[in-house]
Amino acid sequence: MAARRNNPSGIVPTIQNIVSTVDLDCVLDLNHIALHSRNSEFFPKRFSAVIMRIKDPKTTALIFASGKMVCTGAKTEAQSKLAARKFARIIQKLGFPAKFRDFRIQNIVASCDVQFTIRLEKFACTSHGAFSTYEPELFPGLIYRMKQPKLVLLIFVSGNVVIAGAKKRDDFYTAFDNIYPVLAEFKK
Amino acid sequence: MGDAYCSDCKRQTEVVFDHSAGDTVCSECGLVLESHSIDETSEWRTFANESADNDPVRVGGPTNPLLADGGLSTVIAKPNGASGEFLSSSLGRWQNRGSNPDRGLILAFKTIATMSDRLGLVATIKDRANEIYKRVEDQKSSRGRNQDALLAACLYIACRQEDKPRTVKEICSVANGATKKEIGRAKEYIVKQLGLETGQSVEMGTIHAGDFMRRFCSNLGMNNQAVKAAQEAVQKSEEFDIRRSPISIAAAVIYIITQLSEEKKPSLKDISGATGVAEGTIRNSYKDLYPHVLKIIPSWFAKEEDLKNLCSP
């Protein structure tokens with residue numbers, strides 16, 4: 001996947017976190033998993049899933065008794081898939097007939113810096129006010145809910161922008177391309 | 001005086017109407033044709049120059065269009081100083097039969113009224129809060145939510161919509177039990193619900209430090225000069241890049257202005273109490289403001305030397 005840099009500013013958002021899910025397609029005995037693996041924690045009273053961590057790629061997985069698994073913490077899509085496969089391998093080695101069904105990336109969080117300060121109050125007052133929520137008392141950043149593509153951007157006065165809710169890399173590239181000229185309008 | 005058919009005389013006879021007893025009597029045989037007639041004329045006389053406070057023609061409170069029946073039902077109130085067992089007596093049981101569909105609404109309106117009383121808000125804001133609550137309640141999805149937080153958020157939104165914003169901390173102080181976080185979440189929820197219902201009609205401007213200046217200053221008892229200077233200072237400070245909540249900036253500006261004036265200077269603790277901003281935050285905001293203090297404070301209020309005398313953070 002070639003990196004797209006068609007944004008005139010040359011700024012490209014960097015991925016910070018990817019959340020993905022996969023179905024191991026077999027019932028799991030969480031107690032057995034927790035007892036027989038070093039890097040996991042399981043407190044059924046607190047949360048009904050095993051929390052397992054691996055060092056490379058540095059990721060965390062929530063493994064449920066139904067066989068479904070959530071993998072978080074990877075920095076690229078390939079790493080997320082690789083990590084999920086590693087977790088599935090661990091479950092396999094523990095004696096369960098784990099498969100790798102329906103690997104799907106659910107959420108990608110990316111951030112970038114537009115390098116200039118932004119006037120958030122002006123932003124919320126304009127026609128984009130319908131999509132923005134800016135409550136300095138509650139949260140210092142402006143919460144922009146973009147409709148197309150459907151994701152959420154957190155825009156801060158410093159110029160840092162966090163994009164969350166994307167399912168594909170292209171989504172947040174498009175989102176940033178959409179928002180950059182608007183932000184440039186409200187440069188302080 | 002009139003003619004009616006008398007059953008004894010079996011013909012039309014002259015009939016006398018006796019006003020004192022309310023009887024219709026046949027004048028020929030004395031038979032009472034109708035008794036206990038209800039007099040429908042006016043009960044009292046109203047004069048043009050009489051005081052309008054007590055107009056006997058009107059009864060009850062103003063009709064409330066938000067309630068189902070316009071507020072026409074009668075409520076049995078718990079008398080003052082009565083113990084809890086009164087309500088489980090027969091009167092209490094009749095009251096709580098539960099046939100009134102608006103009971104939840106009436107209770108909510110009462111809570112909103114109590115809260116707005118404590119804050120000293122005008123009736124416009126209270127009515128708007130009632131209206132917002134009704135609109136949210138119409139969409140049944142708000143059942144499981146924290147009622148106190150929801151009502152507090154309605155009041156918060158009403159204040160904002162009337163351009164007289166109150167800080168969330170102020171609303172917190174009168175809402176029993178609701179935390180800042182819960183009120184914030186309830187507010188987001190209400191805004192979303194109202195947006196869903198009427199297609200993004202919720203208009204709420206961002207808050208500015210200047211909106212709160214007047215109130216904070218009068219809480220601290222500052223004189224008019226100081227208040228005016230503070231308002232101007234806050235206007236000017238918006239041009240600078242100070243990354244602080246508007247309330248914190250307001251508190252820091254008040255601190256600077258009061259330090260510059262000759263009168264009794266409120267301590268950081270007093271300002272913290274009046275604005276709801278923590279002392280540490282006021283100190284940090286003061287640090288952020290200090291580099292720009294020359295440009296922010298109006299020159300007619302303080303000379304340069306006074307500004308130099310300001311303690312450096």
Side-chain angles (χ1 to χ4, degrees), chain A residues 9 11 107 109 111-165 175 178-180 182-188, chain B residues 149 153 156-157 159-160 165-172 179-192 194-196 198-212 234-235 237-251 275-278 281 285 288:
Chain A
S9 65
I11 304 174
N107 181 21
V109 178
S111 73
C112 56
D113 188 357
V114 298
Q115 306 287 340
F116 53 81
T117 42
I118 307 170
R119 288 186 160 279
L120 296 180
E121 321 85 50
K122 292 282 184 306
F123 199 107
C125 286
T126 63
S127 54
H128 295 274
F131 312 108
S132 339
T133 313
Y134 179 46
E135 286 289 333
E137 278 185 279
L138 298 178
F139 186 63
L142 188 149
I143 304 171
Y144 190 94
R145 294 183 193 272
M146 198 177 271
K147 290 272 171 15
Q148 192 46 255
K150 184 167 181 292
L151 32 71
V152 178
L153 295 96
L154 301 177
I155 305 168
F156 295 89
V157 187
S158 57
N160 287 315
V161 176
V162 174
I163 308 171
N178 291 345
I179 202 79
Y180 188 80
V182 184
L183 293 178
E185 243 185 88
F186 296 101
K187 198 189 294 207
K188 205 177 269 207
Chain B
Y156 176 76
I157 295 177
C159 291
R160 271 278 212 107
R166 296 290 186 276
T167 63
V168 187
K169 285 201 176 140
E170 289 177 309
I171 305 272
C172 232
T179 63
K180 191 169 182 230
K181 206 165 169 185
E182 288 169 3
I183 299 181
R185 278 223 202 101
K187 180 230 161 217
E188 296 285 309
Y189 171 77
I190 294 177
V191 168
K192 194 174 76 163
L194 293 182
L196 277 176
T198 58
Q200 273 107 38
S201 74
V202 183
E203 270 306 317
M204 274 196 303
T206 25
I207 54 171
H208 298 105
D211 301 333
F212 304 94
V234 150
Q235 292 277 61
S237 75
E238 287 189 2
E239 296 160 25
F240 299 102
D241 180 20
I242 309 167
R243 298 179 191 176
R244 292 256 158 213
S245 160
I247 319 290
S248 316
I249 298 185
T275 59
V277 183
T281 313
S285 307
D288 290 339

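So you know, we letter chains A, B, ... as the sequences are listed, proteins then strands, and number each from 1. In what follows, every heavy atom counts, from backbone to side chain, and hydrogens, waters and symmetry copies are set aside.
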query: By a 4.5 Å heavy-atom criterion (distance strictly below it), what part of Ser158(A) contacts chain B: side chain, backbone, both, or neither?
result: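 The answer is both parts of Ser158(A).
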Which bit of [X] comes within less than 4.5 Å of chain A, counting heavy atoms only: side chain, backbone, both or neither?
| X | value |
| --- | --- |
| Arg185(B) | neither |
| Ser248(B) | neither |
| Lys187(B) | side chain |

| request: Provide the closest heavy-atom pair for Glu188(B) versus Thr133(A) in the form atom of the first, atom of the second, distance. | output: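 In terms of heavy atoms, the two residues are closest at OE2-CG2, 3.4 Å.
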_Over all atoms of both residues, closest heavy-atom pair of Phe240(B) and Lys188(A)_ =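 Looking at all heavy atoms of both residues, the shortest contact is O-NZ, 4.2 Å.
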query = For Arg145(A), does the CZ atom have more than 12 heavy-atom neighbours from other residues, nucleotides or ligands under 6.0 Å away?
reply =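 Check fails, neighbour count at 12 or below.
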Can you tell me how far apart CD1 (Ile247(B)) and CD (Glu137(A)) are? Round to the nearest 0.5 Å.
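Ile247(B) atom CD1 to Glu137(A) atom CD measures 4.5 Å (nearest 0.5 Å).
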* Has the side chain of Glu121(A) got a donor or acceptor atom that lies under 3.5 Å from a matching backbone atom of Thr206(B)? ->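 No.
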